[in-house]
2 protein chains.
Amino acid sequence: MIEDRTRAAVNGGAHGVGGSTVWVFDERRRVRDDVASRLVALPSVARVEAVGDPASLLARLATRQPDVLLVGTQRATDSGLAVATQVLRAHPSVPVLVLGAPDDAESVRAAVAAGARGYLRWDASPVEMGLGVSRVGLRAEPGRPHTGPLSAVGAPPAHAFGGSTALAAAPTTVRAAVRVDVPAVTLSVREMQVLTGMSQGKSNAQIGRELYLSEDTIKTHARRLFRKLGAKDRAEAVASGFRRGMMS
Amino acid sequence: MIEDRTRAAVNGGAHGVGGSTVWVFDERRRVRDDVASRLVALPSVARVEAVGDPASLLARLATRQPDVLLVGTQRATDSGLAVATQVLRAHPSVPVLVLGAPDDAESVRAAVAAGARGYLRWDASPVEMGLGVSRVGLRAEPGRPHTGPLSAVGAPPAHAFGGSTALAAAPTTVRAAVRVDVPAVTLSVREMQVLTGMSQGKSNAQIGRELYLSEDTIKTHARRLFRKLGAKDRAEAVASGFRRGMMS
DNA sequence: GCCGGCCTCACCCGCCGGGGTGACACCCCC
DNA sequence: GGGGGTGTCACCCCGGCGGGTGAGGCCGGC
């Protein structure tokens, strides 16, 4: 019951049309929801399912398999580690990523030894999660299983746990890895000014006043930049600007 | 006349309330407009003025001074370099950044020798420009002049011109340098799903259908996430999500 | 020299977005 | 055990968004 509620809350009905399916296991609801909330923002992730009960995790694995399975470990109870080991024994082909506490290198090392593909700090940013997930379980096409073989992500627990965050080194690499689309668009100065205004929550009239232009003129620029960026919305246009590296 | 048109097009009326004023000089209109279009997207830049004529550049400098002056150089005619030298002789306190071609290390070296604070490739991304501009001409307060002294940015032209882009090494550092606000907000899973949908140009009804929820429910989540992010708009909310590193 | 892109402005229109408010239920933390 | 955050849904309201279209002028490139 509780489990169904959580599933419903995280799952919704996003029938991933391309993009991988990620399962998150952790017995602590806070943790798995927190991690899930960051995962749903990733463009490469189409479907996120949160599981809090070892039994139902194994039951699901019997019929379906995720592209990546994140397993949270906690030092206090060894349950997370036990679950990971159990899963890997039953389904060695499932790409398991261990979610470790920032200072818990041991459990992580143990899990990697047991067959996990890598680890992530549970406080990793979406970008870092994206890197980890895409390295471990990228799917080229919806029907195909994860493209393998992939080199282990979790090789050097020691130094990674010393830094601020595991896998934090190369965000630009992530961009390159995740990016798929973007056929190089250039916006004019005016269009950039309008887009910037939009990203600051300004109305067309407000942008017009600040640029000493008519609101209708702003609308025209907006329409044009929507076309260029392939956006139907100012929200999508702003997102597109950020994804293309035009904004910061 | 031509000059006035360009100025008006770039300038608008953004009376920078905090944030630096940047001038862009280049005789090639394409270049200066292109650079300007990337500068206007920077949160740390409040005002951009594009100048295409050496004479009017010097005339302006007599009365006002920018926080940063970008000077474009071209190998063919040495005009850009000459202008930079001239400006620096007349106004040594003006922070000059040289805009060099990707493969033109010589002019850059010469300009730095003449007193320029650093260089940027003219094809630098907004993020890289932000780094360069903020290092050279950050203003703490509207009234105060640029905070100095600042270490030269352009020390190693050689190896920088070897890489893909000058100053491209540490985008995360830029974040840290530019970021000012952001008092740590956490969105719930649902809120993240809604925000993600918004960033994909989906309507509330559409998001609702995909999550098997009522449109009114989506609106409620939207309202709540707007409050959390301090956004008045879905566009601003999306931008905020990106700026806070919640989205990618 | 013409064509194309950009800038500017205008008018019409339909619909969605966002605010306000109320309600009920669950969950977690204090 | 109660309060705060979250999830879900509903109704009302209206202002702004986005689409379509037309039109004049300037600039740069083929």
Side-chain angles (χ1 to χ4, degrees), chain A residues 1-12 28-34 36-37 52 185-194 197-198 201-209 211-229 231-238, chain B residues 1-12 28-34 36-37 52 185-194 197-198 201-209 211-229 231-238:
Chain A
M1 189 58 185
I2 291 174
E3 196 37 46
D4 278 327
R5 199 180 178 284
T6 300
R7 274 211 323 251
V10 175
N11 229 350
R28 297 155 297 182
R29 179 173 184 161
R30 296 284 291 280
V31 173
R32 65 173 185 271
D33 277 4
D34 196 53
S37 74
V185 171
T186 56
L187 297 187
S188 73
V189 176
R190 274 291 186 240
E191 286 159 350
M192 278 305 296
Q193 288 177 317
V194 172
M198 287 176 174
K202 291 173 185 162
S203 69
N204 289 335
Q206 206 169 341
I207 297 172
R209 279 193 298 274
L211 297 178
Y212 298 125
L213 294 175
S214 147
E215 178 181 352
D216 281 313
T217 303
I218 305 300
K219 284 187 172 187
T220 304
H221 288 304
R223 277 191 288 266
R224 271 208 272 262
L225 78 88
F226 288 166
R227 293 226 164 277
K228 282 189 179 178
L229 296 175
K232 74 170 283 298
D233 214 65
R234 40 179 62 208
E236 190 179 11
V238 166
Chain B
M1 188 57 184
I2 290 173
E3 197 36 46
D4 276 329
R5 196 181 182 284
T6 300
R7 274 212 320 252
V10 175
N11 229 350
R28 297 155 297 182
R29 179 175 184 157
R30 297 283 293 279
V31 173
R32 66 174 186 270
D33 278 3
D34 196 52
S37 75
V185 171
T186 56
L187 297 188
S188 73
V189 177
R190 275 291 186 241
E191 287 160 349
M192 278 306 294
Q193 288 177 316
V194 172
M198 287 176 175
K202 293 173 184 162
S203 69
N204 289 335
Q206 206 170 340
I207 297 172
R209 280 193 298 273
L211 297 178
Y212 299 125
L213 295 176
S214 147
E215 177 180 354
D216 281 313
T217 303
I218 304 300
K219 283 187 172 188
T220 302
H221 288 304
R223 277 191 287 266
R224 277 208 265 257
L225 79 86
F226 288 166
R227 293 227 161 278
K228 282 189 178 178
L229 296 175
K232 74 171 283 298
D233 214 68
R234 40 178 65 208
E236 190 178 11
V238 166

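Letters A, B, ... are given to chains in the order of the sequence lines, protein chains preceding strands, and every chain is numbered from 1.
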Using whole Å, what does the distance between atom [atom2] of nucleotide [N] and atom [atom1] of [X] come to?
| X | N | atom1 | atom2 | result |
| --- | --- | --- | --- | --- |
| A:Arg234 | D:dG19 | CZ | P | 11 Å |
| B:Arg30 | C:dC6 | CZ | P | 10 Å |
| A:Met198 | D:dC17 | CE | C1' | 9 Å |
| B:Lys219 | C:dG19 | NZ | C1' | 9 Å |
| B:Asp233 | D:dG18 | CG | P | 9 Å |
| A:Leu225 | D:dG18 | CG | P | 10 Å |
| A:Asn204 | C:dC11 | CG | P | 17 Å |
| A:Leu213 | C:dC6 | CG | P | 16 Å |

Would you say [N] has OP1 or OP2 under 4.0 Å from some side-chain N or O of [X]?
| X | N | value |
| --- | --- | --- |
| B:Ser214 | D:dA10 | yes |
| B:His221 | D:dT6 | no |
| A:Ser188 | C:dC7 | yes |
| A:Lys228 | C:dC6 | yes |
| B:Thr217 | D:dC9 | yes |
| B:Arg223 | C:dG17 | no |

What's the closest nucleotide to the side chain of A:Arg227 if the choices are D:dG20, D:dC17, D:dA10? D:dG20
Say whether B:Arg190 and B:Gln193, considering side chains only, have a donor N or O and an acceptor N or O under 3.5 Å apart. yes
Between [atom1] of [X] and [atom2] of [Y], what distance do you get to the nearest 0.5 Å?
| X | Y | atom1 | atom2 | result |
| --- | --- | --- | --- | --- |
| A:Ser37 | A:Arg32 | OG | CZ | 13.0 Å |
| A:Thr220 | A:Asn204 | OG1 | CG | 10.0 Å |
| A:Met192 | A:Leu225 | CE | CG | 9.5 Å |

More 5' along DNA chain C: B:Arg224 or B:Ala235, using each one's nearest nucleotide? B:Ala235
So A:Val194 and A:Glu191, do their side chains get closer than 4.5 Å, heavy atoms only? no
Remember a base hit wins even if backbone is also touched, and classify B:Arg28 as base, sugar-phosphate or nothing at under 4.0 Å, heavy atoms. nothing
Using only heavy-atom distances, decide whether a donor-acceptor pair under 3.5 angstrom links the side-chain of A:Thr220 to the base of C:dC7. no
